[in-house]
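To start, the structure under review is shown below, and the notes come after it.
On a predicted model such as this, the values are computed, not experimentally measured, just so you know. Throughout, a chain's letter reflects where its sequence line sits, starting with A, and its residues are numbered from 1.
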Amino acid sequence: MAGFQSLPGFREFYPEDFSRRQQIFRTWRQAAQAYGFQEYDAPVLEPLELYTTKSGDEIEGQLFSFTDKGGRDVALRPEMTPTVCRMVGAKAGALKRPIKWFSIAEFYRYERAQKGRLRAFNQFNADIFGEAGPEAEIELIALLIQCLAGFGLTKDDFYVRLSDRDLWFFYLEALGFNDAQARGILGAIDRYEKMGDDAFKGYAETHGELDADRKAKVLAFLKIKSLGELEAALAPYQSDKLAARLADWRKVLDGVGAMGLADFITVDLGVVRGLAYYTGFVFEAFDRKGDLRALAGGGRYNDLIKKLGYADLPAVGFAIGDVTTGLLIEQRGLAPKHATAPDVFVVLGGEAERKAAFADIRALRAAGWRVEYPFKDAAFGKQFKAAAESGAKLALIYGGDELAKGVVKIRDMSDRSEREVPRAEVVDAVRTALAGR
RNA sequence: GCGAUCAUAGCUCAGUUGGUUAGAGCACAAGAUUGUGGAUCUUGGGGUCGCGGGUUCGAAUCCCGUUGGUCGCCCCA
């Protein structure tokens, strides 16, 4: 293969791929707009510090970062959250609450590509700022579900697992763990699904072996799958903090249920997500068959905007990626069949007819119709074949006979019916013929 | 960063123990067919066999390296 290759983990979008990506973006954008979110965009290149402040210096290894010609340390954005926090933080006082924003953008991570993960990918991000209550979670979880259901995916295709980092901390506190120990336990929980019991090895090394009684309680908590079980597990503990979390859990599950989405959501405390900055509910969407990476993930991050140097503003958000979503849509046969077909294919008798047709072609296009015609003169048979292959709904026939009569023949490609209309009425006739299609 | 595996036409692939000028289907283009449909038939374009080196009289084939894809580990915002 001569010439150049694209960089590893970066995709080229040929028209067929592009139309599939457009379907994904369109579905997300429709969902967000229906939920009353406003779209924004932001720089692709950011100061490196924006990410090291949020995630620590180790993050640099996963970034496309470099020093620019002005000596600034910069990075291609690996995520939207710090940027949108800066944007909202900078104008927090002037923005009407609740702030409901979304974006569709490309992100870059310097990692080895694998199934469902590339170095350049697109994400839909939705966030709500300025609402501390669980109403924000209800809105976002419902939007997340619509962002997948909008493709025709159902409760049999995907589900959302809901968990809560604060609840874990309060529960572990009630069991007598200190803060550092609690973080160690959460780290183990994050790995437990994949590694099983070995997940607790790291904890044992730093904090000593976990006693059997408390380990059993942690594992039982981990296996909780419903609100009822959760209430039962917390009943023995007298804690205002736990009671308050439980009240929020009831609100979220009630709200999502009242929207008719109960079948899409499960209580699953096994989800804690690696990120230390989450402060409350966390949630992830997965395909039911479980052979793909996470489809989407998010949660509450009430402290992040303050940490970045702005106001103390509560926030919840999630992101959903185009790679895994595209794989799932493909698997379920929900990808669009083929790219857009023309509305009208113009059949030309010859050079004189071509010239005569050009004015009408331009007028039809100006009216918004998608119009195609052959660049080179060809037999009528070939042109009709091309018209059929293009998927056009109508063919307009400009032949010598028609022009001599001052008419154009309109052929409906689906039922092969034809009729003649005066040339002056072509645009109206096309509009009538395509009405309701 | 580590490991496994793969790489032949735009796509899917064949290519014998190493042996003449590397093939097929699909796709694309032209013709049969200058007034009516996705068919059929004929023909054509398209390859430094990923790239570089080595072994050999001779390499798509064997060896080494490298680049890229895929899958996994680490990580996963």
Side-chain angles (χ1 to χ4, degrees), chain A residues 1-12 14-16 46 50-56 58-63 75-85 107-119 121 123 125 127 187 190-191 194-195 202 271-278 282 284 291-294 296-299 301 304 317-321 323-324 327 338 341 345 347-353 374 376-392 394-404 409-418:
Chain A
M1 222 52 60
F4 298 97
Q5 295 178 309
S6 61
L7 290 167
F10 284 72
R11 293 170 291 175
E12 293 174 310
Y14 283 79
E16 198 179 320
E46 290 278 17
L50 183 64
Y51 305 112
T52 52
T53 299
K54 180 201 164 210
S55 307
E58 323 78 59
I59 195 69
E60 195 177 342
Q62 316 275 10
L63 298 177
L76 288 172
R77 62 184 173 199
E79 57 167 326
M80 193 58 102
T81 305
T83 300
V84 72
C85 284
F107 299 94
Y108 310 88
R109 295 179 186 176
Y110 199 86
E111 300 176 296
R112 197 87 161 83
Q114 48 185 271
K115 190 178 185 184
R117 185 171 84 178
L118 298 171
R119 286 184 166 185
F121 55 93
Q123 273 189 349
N125 275 260
D127 295 272
D190 197 24
R191 288 157 212 275
K194 189 176 278 182
M195 299 172 59
V271 177
V272 292
R273 291 180 72 77
L275 280 305
Y277 65 84
Y278 282 115
V282 289
E284 290 192 322
D291 50 19
L292 296 174
R293 306 172 68 83
Y301 50 99
L304 186 56
F318 73 87
I320 174 167
V323 182
T324 310
L327 287 172
H338 47 73
F345 191 97
V347 173
L348 303 167
E351 206 48 44
E353 292 85 350
K376 296 283 185 291
D377 290 340
F380 271 65
K382 178 151 289 199
Q383 293 191 58
F384 278 103
K385 188 171 167 180
E389 283 173 352
S390 77
L394 296 179
L396 284 187
I397 301 148
Y398 286 75
D401 300 346
E402 287 81 3
L403 289 192
K409 205 178 270 178
I410 297 189
R411 180 179 178 87
D412 186 315
M413 294 301 287
S414 58
D415 63 13
R416 305 188 177 206
S417 64
E418 288 182 356

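Taking a pair to require two hydrogen-bonding distances under 3.5 Å in either a Watson-Crick or a G-U wobble arrangement, C11(B) pairs with G25(B). Base-pair partner of C73(B): G1(B) (Watson-Crick or G-U wobble, both distances under 3.5 Å). Using the Watson-Crick or G-U wobble rule with both distances under 3.5 Å, U36(B) pairs with nothing in any strand shown. Base pairing analysis places G68(B) opposite C6(B); the two distances defining the Watson-Crick or G-U wobble pair are each below 3.5 Å. Summarising the base pairing, U42(B) is matched to A30(B) through a Watson-Crick or G-U wobble pair whose two defining distances lie under 3.5 Å.
Between the CD atom of E12(A) and the P atom of C11(B) there is a distance of 12 Å, rounded to whole Å. When rounded to the nearest whole Å, the span between CZ of R112(A) and C1' of U67(B) equals 11 Å. Taking atom CE on M195(A) and atom P on C75(B), their separation rounds to 9 Å, with Å as the unit. Distance R11(A) CZ to G69(B) C1': 15 Å, rounded to the nearest Å. If you take CZ of F380(A) and P of U33(B), they are 17 Å apart, rounded to a whole angstrom. Regarding Q62(A), its CD atom lies at a distance of 9 Å from the C1' atom of C74(B), rounded to whole Å. As a whole-Å value, the separation of K115(A) NZ from G69(B) C1' is 15 Å. Rounded to an integer number of Å, the gap from F345(A) CZ to U36(B) C1' is 13 Å.
Here the separation of U12(B) from A7(B), taken at their C1' atoms, is 14 Å to the nearest Å. Nucleotides G15(B) and G23(B) have their C1' atoms positioned 7 Å apart, rounded to a whole Å. For the C1' atoms, the distance linking A59(B) with G18(B) amounts to 6 Å, nearest Å. For the P atoms, the distance linking A9(B) with C73(B) amounts to 31 Å, nearest Å. Taking atom P in both A24(B) and G47(B), one finds a spacing of 15 Å when rounded to whole Å. C63(B) and G10(B) have their P atoms separated by 27 Å, with the value rounded to a whole Å. A60(B) and G19(B) have their C1' atoms separated by 13 Å, given to the nearest Å. Separation of the C1' atoms belonging to U20(B) and U66(B) is 32 Å when rounded to the nearest angstrom.
Ranked by how close their nearest RNA chain B nucleotide is to the 5' end, G349(A) and R416(A) are led by G349(A). Position along RNA chain B of the nearest nucleotide to Y110(A) versus E353(A) favours Y110(A) as the more 5'-ward residue.
Within the 4.0 angstrom heavy-atom criterion, base atoms lie near G400(A). Within 4.0 Å of D377(A), counting heavy atoms only, lies no atom of the nucleic acid at all. Looking at heavy-atom distances under 4.0 Å, E418(A) makes contact with a base. At a threshold of 4.0 angstrom between heavy atoms, the contacts of P78(A) include nucleobase atoms, whether or not backbone atoms are also involved. Residue G9(A) is in sugar-phosphate contact alone, with no base atom involved, counting any heavy-atom pair closer than 4.0 Å across all strands shown. If you check every strand for non-hydrogen atoms under 4.0 Å, E402(A) touches a base.
Residue R117(A) places a side-chain atom within donor-acceptor reach of the base of C75(B), judged by atom type and a 3.5 Å distance cut-off alone. Between the side chain of R411(A) and the base of U36(B) there is at least one donor-acceptor pair of N/O atoms closer than 3.5 Å. The base of U33(B) lies outside donor-acceptor range of the side chain of K385(A), with no N or O pair under 3.5 Å. Below the 3.5 angstrom threshold, one finds no donor paired with an acceptor across the side chain of Q5(A) and the base of G69(B).
For K376(A) and A30(B), the shortest distance from a side-chain N or O to OP1 or OP2 is not below 4.0 Å. The side chain of R191(A) contributes an N or O atom lying less than 4.0 Å from OP1 or OP2 of C75(B).
Summarising the geometry, atom CE belonging to M195(A) is positioned 11.0 Å from atom CG belonging to D190(A); distances are rounded to the nearest 0.5 Å. With rounding to the nearest 0.5 Å, the separation of CD in E58(A) from OG1 in T52(A) is 9.5 Å. Note that OH of Y51(A) and CZ of R77(A) are 7.5 Å apart. Values are rounded to the nearest 0.5 Å. Distance CD1/I397(A) to CZ/F384(A): 3.5 Å, rounded to 0.5 Å.
In this structure, the side chains of Y108(A) and F10(A) come closer than 4.5 Å at one or more pairs of heavy atoms.
Of the listed nucleotides (G69(B), G37(B), C75(B)), C75(B) has the atom at the smallest distance from the side chain of E111(A). In the set C76(B), G37(B), U36(B), U36(B) carries the atom at the smallest distance from any side-chain atom of K409(A). Nearest nucleotide to the K194(A) side chain, out of C76(B), G38(B), G35(B): C76(B). Of the candidates G37(B), C76(B), G68(B), C76(B) carries the atom nearest the R293(A) side chain, counting heavy atoms from C-beta on.
Between K409(A) and E402(A) a salt bridge is recorded (basic side-chain N to carboxylate O distance below 4.0 Å).
For F384(A) and U36(B), the ring-to-base geometry satisfies the stacking test (centroid distance below 5.5 Å, interplanar angle below 30°).
For Y110(A), the OH atom is loosely surrounded, since the number of other residues' heavy atoms within 6.0 Å does not exceed 12.
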Show your working on side-chain contact (heavy atoms from CB on, under 4.5 Å) between R117(A) and R109(A) and close with a plain yes or no. CA-CA 10 Å; R117(A) 185 171 84 178; R109(A) 295 179 186 176; over 6 Å; no

